[in-house]
Structures are given as structure tokens and as C-alpha cells.
2 protein chains.
Amino acid sequence: MGTIENLALAGTGAVTEKRIERRPLHEEVIDQLRDRIVLGELAPGARLNERVLCEQLGISRTPLREAIKMLATEGLVELLPNRGAIVTPLKAARIADTLAVMGALESLAGELACANASESDLAEIRALHFEMLAHHARRELAAYFRYNQFIHMKIIEAAGNPVLTNTYRQLNANVRRARYMANLSQKRWDAAVGEHEEILAALVSRDAPRLKRLLAEHLAHKVVSVMAALASNDVAAA
Amino acid sequence: MGTIENLALAGTGAVTEKRIERRPLHEEVIDQLRDRIVLGELAPGARLNERVLCEQLGISRTPLREAIKMLATEGLVELLPNRGAIVTPLKAARIADTLAVMGALESLAGELACANASESDLAEIRALHFEMLAHHARRELAAYFRYNQFIHMKIIEAAGNPVLTNTYRQLNANVRRARYMANLSQKRWDAAVGEHEEILAALVSRDAPRLKRLLAEHLAHKVVSVMAALASNDVAAA
DNA sequence: ATTTTGTATTATGAATTCAAAATGAGCGCT
DNA sequence: AGCGCTCATTTTGAATTCATAATACAAAAT
């Protein structure tokens, strides 16, 4: 089937950069599983039954197991020797630890972003910010969260340090799971939006010290709300 | 055989908590490979031939491939679709990025360690420090490096944040490879030891701001020496 | 009734097999 | 001689098979 597409493209002469790309199965699988874990579809503590997952994904155990091993080093699943794997339980202490590390990284990112962000980076962040405002105005929590994430990731990326981006992304996956449980109050939601306004302003004016402080405060609030959400339905112990 | 031991123990009544523990093969393999990569035995850019490694390690391809996938998410190897894996090339830019992130983490660690380190943590760090001094006195570079690493890791651990420890450890593995090429000068070596004295003093007196500053300076020097070492024999491009 | 022990079942761990892609050598061609 | 092309070989990707450990269950004994 890919062949036909290629012939068609060859005929046009317009080489769209759409490479054929057959992604390795383990990549496909890891993305699927990661999504399902982050969205809570695979709940914390849930067992990963290889046979079941194989049938659901329509693959054999080999690439599945490779994906599970990779998710384990990402920290999203835990390997229990001879007893398979479970989705890493959401422990309050661990989430708190993760957020602390993310705070340190955001601080670095703020500093670097003020120095290195391109004008187009800023434009994009501003655009995402307005999209987020739109969803806030419409009280669309899920969409708001998504753009909120986009903005934070984009700020990190604007720092221009791929290692930083990667590290942050991995840690983030682990707390995003908790985030989906956090049904933040209207007041807190409004406040968070306000904080984002300030963060954007600090970044645009490339005021690193102020940006760092704002990011730190923003994170501190996030810690409170996430921990509160966890406390309410924290049961998943090891 | 385990049975006999157990019977013998049962007779004594002294139940030593020595569990049998058979580690999964992929763990054994990942440790072996990680060591060989960090020590440079598997050089940056080197291809990982599955058949060859299987024979050397005396295992089948399945656990080997699992280990390789895990090393890939750790960043020590790169996966080239359909063409296997190579040891991640040491690029100066990437190392610099990694060190920047580690700096942010050390800063956090310093703060937390001043607040959370137990007295036994401090005692252990002091002990390691003296071991390091001994190797410095004898001009045993490799042993010095090892204890240097121990000390830094122990400070991180003393912060009492397992996520921080893990994250730092992974990043560290990536730069340690470069470190082995750094044949630092006598003068720099002596200076580094002096810095460690100060770091220890700041930690013992739990002077967080001072410790953070000292760690930052120490890292800055490390950046210089590592980058210099890389520049001299930087060839391994992707 | 409860606990323990033996057995059957199931799930995971690892090796092997099969398939597909990439590499490399030889060959004909211009 | 240089170049591209085909085909054999090698190597990786994925599925399957085999082995072993964990679990569930039933029966027997206390």
C-alpha cells in the first residue's frame, strides 16, 4: 500500500517530506502504553498482563516486553521479578520528590530561556497562551490542561537544552498521571491563569530572576493542588 | 542445595536474611554493558553487534535486546531502526547540556542535603573524603576518580530524594565516559581537592547557600576540564 | 474448621525460529 | 576504469517455542 502512495508521489514530482517510515513496533507500543498509563486508563498498581496486552495491541510478546522494559527505566512501570510488571503506584512522597526535581529544572530552564529563546519561540508560547485562555474562558478543563502542558514544555524547549527537555519530559509523565485526578477549584484555576500571564510577561522581557521566582511559585501551588488530589484518593500503596 | 543450607540454618536458629535471589538476565546484562560503555571499553559510536555480544555474555538475544532498549532510554546507546544500536557518540554540546542539568540538580541536592542529611550521612561523606585524600596523596588517579564519584553521589543521596538520586545517576553515567579521558593537570587536581574540602565544610555546617555556590563553582571547573578533554580528541560525530 | 501439602494451571523468562531489511561482493554494462 | 545492478550473506526485527517460576485450587491431615 505504501508502494502505491510512493508511485503517486513520484508522479507528481512534489516530494512531500512524508517519509515512509515503518516505526519499530516497540516504539509504537511504548507510546500506546505510556498514553494509557498517563491517562489513567491503566491505573496505578494495575498489573500488566502480557498475554492480554498482546491481544489488545495485536503483536507478539517480544516487542511488548521491550516496551515494558523501557517504560520501567522511565519510571512509569515497576518490574517485579518473575511476576511481571505493574503500573508504578502513585505515592505522594514520590510525586513530591519528582516535583522538587522538576522545580530545579524549571528554574534552570527559565534562566536559559531568557537568554536563548528565539522570537519565534516567544511568539509560539504567546499563541499557546491565548489558546489556553480560550479554553479557560470556556471552562474546558481537559483542553486547558493540555495547553498548559504545551506551554510549560515549550518554555523548557526554548531553553535550547535537549537533555533538559528530555529529563523534564520523563519526570513530567510521572506526575501528569496525578494531575488528571486534580479537579482544581475555580479560584485556583483562575489564579493559575493569572500566574501564567506573569510568567509570559517575565519571559518576554527576558527577566530571568523574576521568571525563576514566578516559576517556583507556580510550581509550589501545583504541588499543593496535586498533593491534595493525591491525599483524597491515595490508596495505591506498593 | 539451598535446601541443605536452610536446614543447617534452621538448626542454628540464627536466621540470616540471606535470600536466594536470582537476578533477571537483562539486569545482569545491562550492568555489564553500562560498565563497558562508561569505561570506554565500548567506545562512543561503536556498533553493538548482537551476535557478538551474545557470545561474549553467553546469553541469547532476547535479554540482550531488552538491556539495549533500556540503555537507550538511559541515553547511553542510540537505536538505529533496522540497523541495530551504537554507543551514543560523545558530542561536546550534549555533554555540556548534561552538565548544565546536573548543575541544577546539585544545587537542589545541596539545599536538601543541608536540611536532611543525617549525622551518619555526614560521617560517611567525611570518611569517603579521607579515602579520596589518600588516593590523591598517592597520585592514584583512577581510585581518586572513583571516590570522587562516591562523594558526589553520597551528597546527592543525603538529600533524601530518590527521584533526584536516580535522575542524577543516569545523567552522570553519560558524562563519566568523558571524564575518563580527562587527564587533569596536577594543579587542577590539587585545586579540585581543595574545593572538596570546602564543600565538606559547608555541608557539615549545613550552610546551604555556601554549599550551593561551592558546588556550582566546582561543577563549572569540571565543565572546563571535561570540555577541554573532549576538544582534544573529539571526533566521534554522529 | 483451619492449615498444610501436593498438583494443575497460568504467567513470565529466555532461547530459538522465522521473516525482512541492510550490507557487501561479484558481475555486466556503459 | 567506473558505475550500477543483482544476488548471497549477514544482521536485525518479530513471532514462536520451550523452560521455569508463581499462583490457584483441591485434598488430606491436624
Side-chain angles (χ1 to χ4, degrees), chain A residues 1-7 10 19-33 36-37 42-43 45-73 76-88 238, chain B residues 1-7 10 18-33 37 42-43 45-73 76-88 238:
Chain A
M1 352 156 168
T3 313
I4 293 174
E5 285 175 32
N6 290 341
L7 287 175
R19 315 218 17 198
I20 325 170
E21 72 169 300
R22 299 187 335 105
R23 290 178 74 202
L25 270 188
H26 65 87
E27 273 193 31
E28 203 73 46
V29 172
I30 204 179
D31 285 348
Q32 293 245 359
L33 290 183
R36 290 172 70 172
I37 292 171
L42 285 168
R47 194 124 175 296
L48 298 181
N49 184 306
E50 298 184 358
R51 186 179 50 77
V52 171
L53 288 174
C54 281
E55 285 171 5
Q56 288 179 0
L57 299 169
I59 54 165
S60 79
R61 281 174 60 210
T62 306
L64 172 68
R65 287 173 57 92
E66 289 174 350
I68 289 176
K69 295 286 187 301
M70 295 176 90
L71 288 171
T73 84
L76 285 175
V77 310
E78 269 178 30
L79 301 177
L80 313 180
N82 286 322
R83 303 198 306 157
I86 60 173
V87 178
T88 303
Chain B
M1 343 144 175
T3 313
I4 293 173
E5 283 176 35
N6 289 342
L7 288 174
K18 190 81 168 210
R19 315 207 30 184
I20 318 174
E21 77 168 300
R22 299 186 335 109
R23 289 179 76 203
L25 271 188
H26 66 86
E27 273 191 31
E28 203 72 46
V29 172
I30 203 177
D31 285 348
Q32 292 246 359
L33 290 183
I37 291 172
L42 284 168
R47 193 122 174 293
L48 298 182
N49 185 306
E50 296 182 0
R51 185 180 52 77
V52 172
L53 289 173
C54 282
E55 285 171 6
Q56 288 178 1
L57 298 170
I59 54 165
S60 80
R61 283 173 59 208
T62 306
L64 172 68
R65 288 173 57 92
E66 290 174 349
I68 288 176
K69 295 285 187 300
M70 294 176 90
L71 288 171
T73 84
L76 284 175
V77 311
E78 271 179 28
L79 301 176
L80 313 180
N82 286 323
R83 303 197 314 159
I86 59 174
V87 178
T88 303

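Throughout, a chain's letter reflects where its sequence line sits, starting with A, and its residues are numbered from 1.
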*Could you tell me the separation between the CG atom of B/Leu71 and the CG atom of B/Leu42, rounded to the nearest 0.5 Å?*
10.0 Å

*How long is the line joining CD1 of B/Ile86 and C1' of D/dT11, in whole Å?*
16 Å

*asked:* Can you give me the closest heavy-atom contact between B/Ala72 and B/Leu79, atom names plus distance?
replied: CB-CG, 3.7 Å

*If you measure from CG on A/Leu57 to CZ on A/Arg36, what distance do you get to the nearest 0.5 Å?*
6.0 Å

*asked:* Need one value for B/Leu79: base, sugar-phosphate or nothing, where a base atom within 4.0 Å counts as base even if backbone is also close, heavy atoms only.
replied: nothing

_Tell me the interatomic distance from B/Leu48, atom CG, to D/dT11, atom P, rounded to whole angstroms._
14 Å

*Are any non-hydrogen side-chain atoms of A/Leu64 and A/Leu25 less than 4.5 angstrom apart?*
no

_A/Thr62 OG1 to B/Arg65 CZ distance, which is reported to the nearest 0.5 Å_ = 8.5 Å

Distances for protein N/O vs nucleotides 13-17 of chain D N/O pairs under 3.5 angstrom?
residue : atom : partner : partner atom : Å
D/dG13  : OP1  : B/Asn82 : N            : 3.3
D/dG13  : OP2  : B/Arg65 : NH1          : 2.7
D/dG13  : OP2  : B/Arg65 : NH2          : 3.3
D/dG13  : N7   : B/Arg61 : NH2          : 2.8
D/dG13  : O6   : B/Arg61 : NH1          : 3.2
D/dA14  : OP1  : A/Leu25 : N            : 2.9
D/dA15  : OP2  : A/Ser60 : N            : 3.0
D/dA15  : OP2  : A/Ser60 : OG           : 2.6
D/dA15  : O5'  : A/Ser60 : OG           : 3.3
D/dA15  : N7   : A/Thr62 : OG1          : 2.7
D/dT16  : O4   : A/Thr62 : OG1          : 3.4

Please tabulate, one pair per line, each protein N/O and nucleotide N/O from nucleotides 7-10 of chain D that are separated by under 3.5 Å, including the distance.
none

Which pairs, protein N/O on one side and nucleotides 6-9 of chain C N/O on the other, fall under 3.5 Å?
none

*asked:* Quick check for you: to the nearest 0.5 Å, what is the distance between A/Ile37 atom CD1 and A/Thr88 atom OG1?
replied: 7.5 Å

*Looking just at side-chain N and O atoms, do B/Gln56 and B/Arg51 make a donor-acceptor pair shorter than 3.5 Å?*
no

*Length of the line joining A/Leu64:CG and C/dA14:P, which is rounded to integer Å*: 15 Å

